[in-house]
Amino acid sequence: MADKLSRSARQGTETDISTAAVWAGEPERAPHGATVMPVFHGVTYAYDDLEEWRAVALGEREGHIYSRNTNPGVAMFENKLAALEGAEAATSFATGMAAISNTLFCFLSPGDRVISIRDTYGGTNKLFIEFLPRFGIEVVLCDTEDHEAIEAELAKGCRMLYLETPTNPTLKVLDIARLTRAAHAVGALVVVDNTFATPVNQHPLALGADLVLHSATKFLGGHSDAMGGVVCGSSELIAELFHFREINGASLDPMSAFLLARGVRTLALRVERQNHNAQAVAEYLAGHPAVAAVYYPGLPNHTGHAIARAQMKGFGGVLSFALAGGYEAMAKVLSSLKLAHRAASLGSVGTLAGPPSTTSHVELSAEERARAGIPEGLLRYSVGIESAADLISDLDQAIGSLP
Ligand SMILES: *Cc1c(COP(=O)(O)O)cnc(C)c1O
């Protein structure tokens with residue numbers, strides 16, 4: 001059944017994602033008929049038959065040897081994600097940043113050129129400006145929404161195009177299909193960070209990308225109680241990446257895989273609610289006189305609205321806004337919120353709010369943030385699954401507390 005469902009999910013049919021989130025990847029029969037895949041904490045797997053052991057170790061037969069390489073529950077989580085992203089295969093990591101750094105270091109070599117955008121996640125940006133150049137890899141970061149500039153850089157040739165859309169924290173949107181065509185014309189590999197959109201809202205592989213990755217810590221897990229990362233793509237690329245990761249050792253812990261898989265089973269329900277809540281909150285904020293700007297792709301005046309409408313099924317659960325009163329007003333509103341954790345991260349069942357200077361872009365200096373066009377008075381607001389009316393009245397009392 002899981003196989004049949006993952007095949008239909010692979011075709012990207014819209015009605016399948018709720019069902020695939022529950023059933024895809026699940027074992028046909030777990031030990032003792034368990035209806036929930038158990039956690040295999042054991043690190044190592046025993047074989048009486050030396051020939052069988054050797055066959056499994058060489059990957060000629062299915063089975064597990066040692067948990068840094070593979071683990072039954074971790075494999076289930078990977079198969080579930082592959083189905084949701086419409087991929088042949090997936091491999092997982094200890095964190096989202098491990099997924100990103102392993103992908104970059106696996107597929108790039110000294111002398112290669114990688115093209116990306118200024119608005120990637122803060123940690124990703126650090127890899128681009130601090131670490132990759134140390135290994136002789138040339139990094140070109142383009143203005144995020146300047147598709148012509150990205151195409152012009154691609155035309156000069158490169159090994160990889162690395163995209164993130166919508167971006168952190170101003171929700172800029174990139175046309176994945178258009179940029180993928182330009183990248184493939186010069187033989188480049190296209191990698192997309194799909195963390196903000198989730199597979200419920202966006203399918204980069206169906207738009208032509210080669211690899212799609214996630215910080216599973218965010219919407220996939222959805223409860224802020226487990227960290228992980230995952231990369232999905234063709235069997236060939238994922239085999240190469242799996243080999244890099246099994247040696248480099250950034251494996252996903254089995255307990256985290258269990259928590260993340262449990263979260264994924266309710267992904268479609270949660271994200272549909274978060275899409276709805278974020279739209280309602282964004283519209284409320286856009287009509288408030290104390291709010292100077294609202295960044296949400298679901299608003300018709302957002303710069304990425306048209307592309308988002310065409311390539312996404314929903315606009316996602318994250319928005320950001322700036323208050324007319326600047327940094328001081330933002331700090332006051334933040335401290336007055338009752339229905340939000342003042343904390344880093346996003347995509348959880350509970351609303352999370354914080355400025356980029358303490359969350360997504362904490363790794364950057366104030367100067368680097370200014371250069372990236374991130375106002376210090378910006379507040380990122382990741383809606384949870386609470387009622388939209390309650391979130392709006394909470395924001396209303398917080399903004400109303402301003403002098
Ligand atoms: C959080 C995040 C990451 C990093 O993930 P971790 O699990 O924190 O390592 C990467 N990309 C995006 C878009 C993120 O939001």
Side-chain angles (χ1 to χ4, degrees), residues 77 81 85 90-105 116-129 131 141 144 162-174 176 191-202 204 209 211-232 245 248-253 255-257 259-260 263-264 271 274 278 295 297 304 312 315-320 341 343-348 352-364 372 374 378 380-383:
F77 169 72
L81 257 296
E85 284 291 4
T91 191
S92 60
F93 298 84
T95 64
M97 279 315 301
I100 294 165
S101 59
N102 275 258
T103 300
L104 294 175
F105 284 103
S116 190
I117 50 169
R118 286 197 216 286
D119 287 32
T120 49
Y121 177 75
T124 309
N125 186 261
K126 271 286 161 202
L127 288 174
F128 284 145
I129 62 180
F131 295 105
L141 301 182
T144 300
Y162 183 98
L163 301 176
E164 187 179 320
T165 177
T167 64
N168 213 335
T170 52
L171 290 300
K172 290 176 187 144
V173 179
L174 287 155
I176 297 171
V191 181
V192 180
D193 182 335
N194 205 29
T195 301
F196 268 47
T198 82
V200 176
N201 288 331
Q202 180 168 279
L211 292 168
V212 55
L213 60 84
H214 287 271
S215 165
T217 315
K218 315 293 172 54
F219 288 97
L220 298 183
H223 293 72
S224 287
D225 58 6
M227 299 204 78
V230 65
V231 184
C232 310
R245 188 269 284 158
N248 281 277
S251 312
L252 179 61
D253 176 74
M255 189 63 210
S256 295
L259 291 169
L260 295 172
V264 171
V271 171
Q274 285 162 314
Y295 302 92
M312 300 177 78
F315 299 110
V318 185
L319 59 103
S320 63
H341 292 293
S345 201
L346 56 100
S348 190
L352 291 159
S357 55
T358 58
T359 58
S360 61
H361 290 68
V362 64
E363 291 94 346
L364 273 62
I374 299 163
L378 197 72
R380 191 180 69 186
Y381 191 86
S382 170
V383 301

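We count ligands from 1, going down the list as the structure has it; atoms in each ligand are counted the same way.
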Close side-chain approach of [X] and [Y], heavy atoms under 4.5 Å:
X	Y	result
Phe219	Leu346	yes
Ser382	Gln274	no
Leu213	Tyr162	yes

Which atoms of ligand 1 have any heavy atom of [X] under 4.0 Å away?
X	result
Thr95	7 (O), 9 (O)
Met227	7 (O), 8 (O)
Glu164	13 (C)

Rounded at 0.5 Å granularity, tell me how far [atom1] in [X] sits from [atom2] in [Y].
X	Y	atom1	atom2	result
Glu164	Thr144	CD	OG1	9.0 Å
Leu174	Ser116	CG	OG	9.0 Å
Ser92	Leu260	OG	CG	9.0 Å

Would you say Gly96 has any N or O atom under 3.5 Å from an N or O of ligand 1, going by distance alone? yes

Just distances here: any N/O of Met97 and N/O of ligand 1 closer than 3.5 Å? yes

Heavy-atom distance to atom 11 (N) of ligand 1: which of Thr217, Thr195, Asp193 wins? Asp193

Measure from atom 5 (O) of ligand 1 to every heavy atom in Ser215, Gly228, Ser345 and give the option owning the shortest one. Ser215

Can Arg245 and Val231 be said to form a side chain to side chain contact (heavy atoms under 4.5 Å, CB included), step by step? CA-CA 11 Å; Arg245 188 269 284 158; Val231 184; over 6 Å; no

Please write down residue, atom name and distance for the protein heavy atom closest to atom 14 (C) of ligand 1. Lys218 NZ, 2.9 Å

Which residue holds the protein heavy atom closest to atom 4 (C) of ligand 1, what is that atom called, and what is the gap in Å? Tyr121 CE2, 3.5 Å

Proximity to ligand 1 by part of Thr124, non-hydrogen separation under 4.0 Å: neither

